[in-house]
Amino acid sequence: MKRFYWLLAVVLVGGVVWIWFGNKAGGQGVEWVAETKVPETKADSEFTGYVMGSETAPVEIVEYADFECPICATFGAVQFPVIKQQLIATGKLRWRLRDFPLPPEVHMWSRLAAHSVACAGEQGKAWEMIDALFSHHRMWSQRRDDPAKLFRGWAKDLVGLDMTKYDACMESGRYRGRIQYSREEGQARMVGGTPTFFVNGQEWHTRDISSDAFQRMVDSVTAQRRRR
Amino acid sequence: MRTRQAIALLSLVGFLISLYLWLHAIGVVGELKCGTGSCEVVQTSPYARVAGVPVAFFGVLGYVALFVTALVGLQPSFLSKRSPSLLLAGLATAGLLFTAYLTYLEAFVIQAWCRWCLGSAAVIAVIWVVAVLGLRNGAVAPSQRDSARSLG
């Protein structure tokens, strides 16, 4: 029996040492990846996300997304264009996308990507930049290399931004506080993973994030509102 | 006795896997060492949390419960009792069902595989088989109990 307890002890200590010393987070030293504890400012709290759709739409979906999250990217590239065409363009739905960058240990470039979108947003092209990031997701996510040059290339060639303004914006890092504010606001709403959806203010717990599921949900919410 | 020892050892391995995934989920350890798998896809999906709690944390709790039960069952005063075997079989069945659901999500909903999750699934499956065998074999024979006393 003693030998058995020694075996348990060796397995336990070996496992804990491997987990702790072999995988400890941090040490990346990149300014972009650090979580910035920027004090809340009026401008940060007034920004309520990237909005698409009619102000009078009966249903609003708030999506908390991380641009490096693979499910967000697949959803954004495959399902969202259909939702945009069938629900948003027809005035049935308004979409609000909020930044929810996961911790840098999980997604190293989320905040850089979110800042790139914010800088495109200054020129009224946030959604185009989001499309570029999601449709080229595999080229930049989960990689060690800094994707800033890739983002800049898409901002110039695909989105058509004024690059002098874009470069100045990225250099300033002025939206880092806003991105962090959005994350903290999501945390206050108990957002745990991405994408997380809120439908007219209520979290939508769903296993199905296909465009068909969104169609059914919007129809259902709209019908309920009509009955009242 | 052998089945309880095997369950203690296997649940320790399962505990370490769950601990690794849980520490990753709360940002304590860095990028998952996943090889060719899609651990990040699975771990950052909405299904990786239940009511805001990382799924891996439930794994940590489950394996701790199995480990403690197996160790208690190995104590001389419990060796001849059937209750630890029953409890181990119950815990293993609950763990197996929960893991089966998570594996279904990986296969058909998320459509991505996390090799650590699969490792945990394999561990709980083996634990279940061993626990059921332990239940069939019944309590530990007096001779084994005596040898446990003399070795301990």
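Below, each value reflects all heavy atoms present in this structure, side chains not excepted, and no hydrogens, waters or symmetry copies. Quantities reported herein were computed from a predicted structural model and do not represent experimental measurements. Sequence lines set the chain letters: A, B, ... in the order given, protein chains first and strands last, and positions in each chain run from 1.
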Please report, to 0.1 Å, the donor-acceptor pairs under 3.5 Å made by any side chain of residues 121-130 of chain B, with sequence neighbours excluded.
residue: B/Trp128; atom: NE1; partner: B/Thr93; partner atom: OG1; Å: 3.1

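When the shell of 6.0 Å around CD of A/Gln85 is examined, it contains 12 or fewer heavy atoms from other residues, nucleotides or ligands.
Listed by chain and number, the residues in a side-chain hydrogen bond (donor to acceptor under 3.5 Å, both in side chains) with B/Ser11 amount to none (sequence neighbours excluded).
In this structure, the separation between CG on B/Leu19 and CH2 on A/Trp20 is 10.0 Å, given to the nearest 0.5 Å.
Of the two parts of A/Val16, the backbone and the side chain both hold a non-hydrogen atom closer than 4.5 Å to a non-hydrogen atom of chain B. For a residue to count as touching a neighbouring chain, one of its non-hydrogen atoms must lie under 4.5 Å from one of that chain's; by this rule B/Leu12 touches chain A with the side chain only. The contact between A/Asp208 and chain B is made entirely by backbone atoms, counting heavy-atom distances below 4.5 Å. At a 4.5 Å heavy-atom cutoff, the contact between B/Leu105 and chain A is made by side-chain atoms alone.
Relative orientation of the B/Tyr20 and A/Trp18 rings is perpendicular, given thresholds of 30° and 60° on the angle between their planes.
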*Report the C-alpha separation of B/Leu74 and A/Tyr5 in whole Å, then their side-chain angles, then the decisive distance to 0.1 Å, and conclude whether the side-chain contact (heavy atoms from CB on, under 4.5 Å) test is met.*
CA-CA 11 Å; B/Leu74 282 168; A/Tyr5 287 119; 4.2 Å; yes
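Of all heavy-atom pairs between A/Ile19 and B/Leu16, the closest is CD1-O, 3.5 Å.
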